[in-house]
Amino acid sequence: MDFILEAAVRAVKTLFAIDISAESLSLQQTRKEFEGDVTLVVFPLTKFSKKSPEQTGTAIGEFLVNRLEAVESFNVIKGFLNLSLKNSYWLEVFYQKINQPGFGSFPSNGKKVMVEYSSPNTNKPLHLGHVRNNLLGYSVAEILKANGYEVIKANLVNDRGIHICKSMLAWQKFGNGETPESSGLKGDHLVGKYYVIFDKEYKKQIEELKNQGETEDDAKKNAPLIVEAQKMLQKWEQGDAQVITLWKEMNGWVYAGFEETYKKLGVDFDQYYYESNTYLLGKSIIDEGLEKGVFFKKPDSSVWIDLTADGLDEKLVLRADGTSVYMTQDLGTAQLKYDDYQTDKAINVVGNEQDYHFKVLYLILKKLGRSWAEGLYHLSYGMVDLPSGKMKSREGTVVDADDLIAEMEATAKEQTDILGKAADFPEVEKQDLYHTIGMGALKYFLLKVEPKKRLLFDPNESVDFQGNTGPFIQYTYARIRSVLTKGGFKDDTVFMPIKTVSPVEKDLIVQLEHYPAVLTEAAQAYSPAVIANYVYELAKLYNKFYHEESILKAEEEAVKQFRLKLSAVSAEIIQKAMHLLGIKVPERM
RNA sequence: GCACCCAUAGCUCAGCUGGAUAGAGCAACGGUUUUCUAAACCGUCGGUCUCAGGUUCGAAUCCUGAUGGGUGUACCA
């Protein structure tokens, strides 16, 4: 559409003797209630033309019709100049631009980006909140790849700390040697079970101490279980063989469990970082910051940074006893990740409750003179709420990831059976289809919403399969595949001129043409939702086209070939876009 | 207290780099299948874009203030 803008600039120059930039003009798609394909808003030009909006629009319209081969006609309504483009133009866009091998993916831009996501705790299984994180991270990584980046997917595993000791201790005390093998429980669920047991027993002890007259705060500090857990953490840090062995064994169970869940979710990683390796990092950065005068020491020898000039608070970066805090560690891991890969950008996919932390982290790195800090970005997303409110692990009000996936598959099977769709499919294909549809519904549901918005998930009203949903789009794809097969479509068909392009065909071409711009926008905004909304619109348009125009029984062979081609390209873009969301599309359903 | 985020149809969400009469899906109601997959398509119903000011030819969109909701502000991670 740039050629229209350029011509409009020439028109303004010729007609009104004013130089304007193409950016100052606004060209948009014509609203469907008006005649035309594209619309130029002429209000801003009236100050140059010194004429009414209608006169200005008409003058430019005449100029464009005379000079541009592609423009068929125009009309002016109020301050809007609507241009209709010729059929030949749309066909050319379709054959010369959209139907080209490289369409819809960008060549390498030579830049590297790390996307860190998932970052689980190894003391409990994954829940719905983690699912949102994983899907977002994976999708953003794919979107960046499609935009030409080299992407490294990283997972920073939180495998150390007092919370891990809690489940270890509870297992020691109450576990009777239970293992995933002996209990048949998935490793992460087994460990999570003892985390919950710890909390229950701990609360009991607090109550007892309170009954003995201690204050709540004292009771929390003095309960034997927590004291013992802290002792265990110290032993762990000292490298106590027994503790380390137990830690390794239980972590092994958890990792096996996570692997299974990741596999079902369809996410993966190129690089793992473990906090047990990185928790001591960052102290040298503290020294550096003190030297540079970025940090300062308080009398108790704790180290701080004063960010009040930046509208933030004072922030602790090292404890008085010289041990690391969260910020110390994160400074260290940020440096480590950069040293490993020299990335141009690094994304942290982390919930919005850590907005402040990342703001501070990035600011500190900038103050320390890390030029690469400019490329850091916190992809912050809202929590997933249940109708009952927030999810809380300890209160058991969480939606477990594995349960959820199983439920989605069961629902997919149910729906498929009701519709009688897969009755004659081989068993393997059936199972595959249930998984594809179930996960398609779940992923689309979670990704179609802007990341930063909170999300309401009602487990009772299980995710829909109709309308603006994953399965709707998957169905559209399967439908196209079916018609292509029946039509004996081969990808080597050559261009055959046709007389007219119907309105819905034109709409479809326009939508397809938008794809690269949408891809760029999604990368800039780090938002899979942009892709989700796009592909939904595309599927909707295709269904309309499918309903309005006969493909296999088209009036002429040339028209049939054109429609088949249009269908094939639509399927390809649907497949590509869904791939960016981590959603598979079935050949039939 | 201070900081950040959110507020659009009964519900779930688009639209937000200012443009025409604010769009989808779900729910409710009605229609479409001798024809390429009806998980589809078409229609009806549904709106004080939280409120009040301001900027502008033009505001859901930008600015200010208020209200409601969420989160953070830990020598937890």
Asker: In whole angstroms, how far is the P atom of B/A74 from the CD atom of A/Q354?
Answerer: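 Rounded to the whole Å, the gap is 14 Å.
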Asker: Check this one for me: any side-chain N or O of A/K421 less than 4.0 Å away from OP1 or OP2 of B/A39?
Answerer: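 For B/A39, OP1/OP2 do have a side-chain N/O of A/K421 under 4.0 Å.
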Asker: Using a cut-off of 4.0 Å on non-hydrogen atoms, how would the nucleic acid contact of A/E450 be classed: base, sugar-phosphate, or nothing?
Answerer: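 The answer is sugar-phosphate, as A/E450 gets under 4.0 Å only of primed atoms, P, OP1 or OP2.
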Asker: By nearest atom, which of the nucleotides B/G72, B/A20, B/A39 is closest to the A/Y356 side chain?
Answerer: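 That would be B/G72.
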Asker: How many Å lie between CG on A/L456 and P on B/C13, as a whole number?
Answerer: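 Distance, rounded to whole Å: 6 Å.
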Asker: I want to know whether A/F358 and A/Y377 have ring centres closer than 6.0 Å.
Answerer: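 That pair fails the under 6.0 Å test.
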Asker: Side chain of A/K452, heavy atoms from C-beta onward: which of B/C36, B/A3, B/C5 has the nearest atom to it?
Answerer: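 That would be B/C5.
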Asker: Classify the side-chain pair A/Y444/A/N468 by whether it contains a donor and acceptor separated by less than 3.5 Å.
Answerer: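 Indeed, the side chains of A/Y444 and A/N468 share at least one donor-acceptor pair under 3.5 Å.
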Asker: Less than 4.0 angstrom between a side-chain N/O of A/Y326 and OP1 or OP2 of B/A77, yes or no?
Answerer: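 So the side-chain polar atoms of A/Y326 never come under 4.0 Å of the phosphate oxygens OP1 or OP2 of B/A77.
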Asker: Centre-to-centre under 6.0 Å for A/F472 and A/F465, is that the case here?
Answerer: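 Distance test on ring centres: not under 6.0 Å, no.
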Asker: What is the distance from NE2 of A/H357 to C1' of B/C75, rounded to the nearest Å?
Answerer: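 From A/H357 NE2 to B/C75 C1': 15 Å.
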Asker: Taking pairing as Watson-Crick or G-U wobble with both contacts under 3.5 Å, can you name the mate of B/U67, or confirm there isn't one?
Answerer: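 Here B/U67 is engaged in a pair, and the nucleotide opposite it is B/A7.
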Asker: What distance, rounded to whole Å, do you find between the two C1' atoms, one in B/G1 and one in B/U48?
Answerer: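 My reading of the C1' atoms in B/G1 and B/U48 gives 34 Å.
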Asker: When the distance from CD of A/Q466 to P of B/G25 is rounded to whole Å, what number comes out?
Answerer: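 Those two atoms, CD and P, are 12 Å apart.
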Asker: Measure from the side-chain heavy atoms of A/D355 and tell me the nearest of B/C75, B/A38, B/C4.
Answerer: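 Output: B/C4.
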Asker: On a whole-Å scale, what distance lies between the C1' atoms belonging to B/U61 and B/G18?
Answerer: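 The answer is 6 Å between these two C1' atoms.
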Asker: Find the partner of B/G43: check Watson-Crick (N1-N3 plus N6-O4 or O6-N4) and G-U wobble (N1-O2, O6-N3) distances, both under 3.5 Å, and reply none if neither fits.
Answerer: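 Check on B/G43: paired to B/C29, both distances under 3.5 Å.
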Asker: Can a side chain N or O of A/R160 be found less than 4.0 Å away from OP1 or OP2 on B/C76?
Answerer: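 No, A/R160 has no side-chain N/O under 4.0 Å of OP1/OP2 on B/C76.
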Asker: Hey, could you give me the OG/CG distance between A/S119 and A/N348, rounded to the nearest 0.5 Å?
Answerer: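 It comes to 8.0 Å.
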Asker: How would you label the contact of A/P44 with the nucleic acid (heavy atoms, under 4.0 Å): base, sugar-phosphate, or nothing?
Answerer: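 Touches a base.
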Asker: Between A/S482 and B/U37, is there a contact of a side-chain N or O with OP1 or OP2 at under 4.0 Å?
Answerer: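 Checking A/S482 against B/U37: at least one side-chain N or O falls below 4.0 Å of OP1 or OP2.
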Asker: Which nucleotide, in any strand shown, forms a Watson-Crick or G-U wobble pair with B/C2, with both distances under 3.5 Å?
Answerer: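 WC or wobble partner is B/G72.
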Asker: Does the aromatic ring of A/F34 sit over the six-membered base ring of B/A20, closer than 5.5 Å centre to centre and tilted less than 30°?
Answerer: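 Aromatic stack with B/A20 present for A/F34.
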Asker: Considering only atom P, compute the distance from B/C57 to B/A52 and round it to an integer number of Å.
Answerer: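 Each nucleotide's P atom is 23 Å from the other's.
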Asker: Between P on B/A24 and CG on A/L538, what's the gap in Å once rounded to a whole number?
Answerer: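 Going from CG in A/L538 over to P in B/A24 covers 17 Å.
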Asker: OP1 or OP2 of B/C36 less than 4.0 angstrom from a side-chain nitrogen or oxygen of A/R481, does that happen here?
Answerer: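 Checking A/R481 against B/C36: no side-chain N or O falls below 4.0 Å of OP1 or OP2.
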Asker: Answer with yes or no whether the side chains of A/N155 and A/Y117 bring together a donor and an acceptor at under 3.5 Å.
Answerer: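 There is no such pair between these side chains.
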Asker: Given the P atoms of B/G10 and B/C5, what is the spacing between them in whole Å?
Answerer: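 Per the computed distance, 28 Å lies between those P atoms.
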Asker: Could you tell me the Watson-Crick or G-U partner of B/G18, where both distances fall under 3.5 Å? Say none if there is no partner.
Answerer: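 The answer is none; no pair meets the criterion.
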Asker: Determine the interplanar angle of the A/F43 and A/F80 rings, folded into 0 to 90°, and report it as parallel if under 30°, tilted if 30 to 60°, perpendicular if over 60°.
Answerer: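 Plane angle over 60°, so perpendicular.
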Asker: Whether the side chain of A/N543 and the base of B/A39 hold a donor-acceptor pair under 3.5 Å is what I'd like checked.
Answerer: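 For A/N543, whose side chain was compared with the base of B/A39, there is no donor-acceptor pair (under 3.5 Å).
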Asker: So which nucleotide from B/A22, B/U37, B/C42 ends up closest to the side chain of A/K544?
Answerer: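 Out of B/A22, B/U37, B/C42, the nucleotide with an atom closest to A/K544's side chain is B/C42.
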Asker: Does a donor on one side chain sit under 3.5 Å from an acceptor on the other, for A/E505 and A/S502?
Answerer: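 Yes.
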Asker: Can you tell me the distance, in whole Å, between the OH atom of A/Y542 and the P atom of B/A40?
Answerer: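 After rounding, the gap between these two atoms is 15 Å.
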Asker: Sticking with atom P, work out how far B/C6 lies from B/A22, rounded to a whole angstrom.
Answerer: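 Each nucleotide's P atom is 24 Å from the other's.
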Asker: Tell me whether the OP1 or OP2 atom of B/U71 has a side-chain N or O from A/R454 closer than 4.0 Å.
Answerer: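 Checking B/U71 against A/R454, no side-chain N or O comes under 4.0 Å of OP1 or OP2.
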Asker: Which value, in whole Å, describes the distance between the P atoms of nucleotides B/U12 and B/U55?
Answerer: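 The same atom, P, in both gives a distance of 36 Å.
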Asker: Could you walk me through whether A/D159 and A/S276 pass the side chain to side chain donor-acceptor pair (under 3.5 Å) check?
Answerer: CA-CA 6 Å; A/D159 60 346; A/S276 53; 2.7 Å; yes
Asker: With centres under 5.5 Å and planes under 30° as the test, does A/F43 stack with B/G19?
Answerer: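 Taking the rule of under 5.5 Å and under 30°, the ring of A/F43 does stack on B/G19.
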Asker: What's the CD-C1' distance between A/E521 and B/G15, to the nearest Å?
Answerer: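 About 11 Å, once rounded to whole Å.
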Asker: Looking at A/K32, does any N or O in its side chain come under 4.0 Å of the phosphate oxygens OP1/OP2 on B/A20?
Answerer: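 It does not, given that no N or O in the side chain of A/K32 lies less than 4.0 Å from OP1 or OP2 of B/A20.
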Asker: On RNA chain B, check which nucleotide each of A/I437 and A/I77 is closest to and give me the residue with the more 5' one.
Answerer: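 Nearest nucleotide further toward 5': that of A/I77.
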Asker: Could you tell me how the ring of A/Y326 sits relative to the ring of A/H357: parallel (under 30°), tilted (30 to 60°) or perpendicular (over 60°)?
Answerer: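 Answer is parallel, since the angle falls under 30°.
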Asker: For the base of B/A39, is there a side-chain donor-acceptor partner from A/T476 under 3.5 Å away?
Answerer: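 When only heavy-atom distances are counted, A/T476 does not reach the base of B/A39 through any donor-acceptor pair under 3.5 Å.
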Asker: Specify the separation, in whole Å, of atom CZ of A/R479 and atom P of B/A39.
Answerer: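 That distance rounds to 8 Å.
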Asker: Quick one: is A/K78 getting a side-chain N or O under 4.0 Å of the B/U21 phosphate, OP1 or OP2?
Answerer: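 Answer is yes, contact under 4.0 Å.
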Asker: Which value, in whole Å, describes the distance between the C1' atoms of nucleotides B/A59 and B/A40?
Answerer: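 So the two C1' atoms sit 38 Å from each other.
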Asker: Would you indicate which nucleotide in B/U21, B/A39, B/C13 comes nearest to any side-chain atom of A/M589?
Answerer: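 The listed nucleotide nearest to A/M589's side chain is B/A39.
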Asker: Could you work out the separation of B/G43 and B/C26 based on their P atoms and round it to a whole Å?
Answerer: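 Looking at atom P only, B/G43 and B/C26 are 14 Å apart.
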Asker: Ignoring backbone atoms, establish whether A/K486 has a side-chain N or O less than 4.0 Å from OP1 or OP2 of B/U37.
Answerer: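 Yes, because at least one side-chain N or O of A/K486 sits under 4.0 Å from OP1 or OP2 of B/U37.
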Asker: RNA chain B: A/E314 or A/A412, which has the more 5' nearest nucleotide?
Answerer: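 Comparing both residues, the 5'-ward one is A/A412.
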Asker: So, is A/K47 close to the B/C57 phosphate, meaning a side-chain N or O under 4.0 Å from OP1 or OP2?
Answerer: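 No.
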Asker: Choose from B/A7, B/A3, B/U21 the nucleotide whose nearest atom is closest to any side-chain atom of A/K359.
Answerer: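 Selected nucleotide: B/A3.
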Asker: Is there a donor on the side chain of A/N468 or the base of B/C26 sitting less than 3.5 Å from an acceptor on the other?
Answerer: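 No, no donor-acceptor pair under 3.5 Å.
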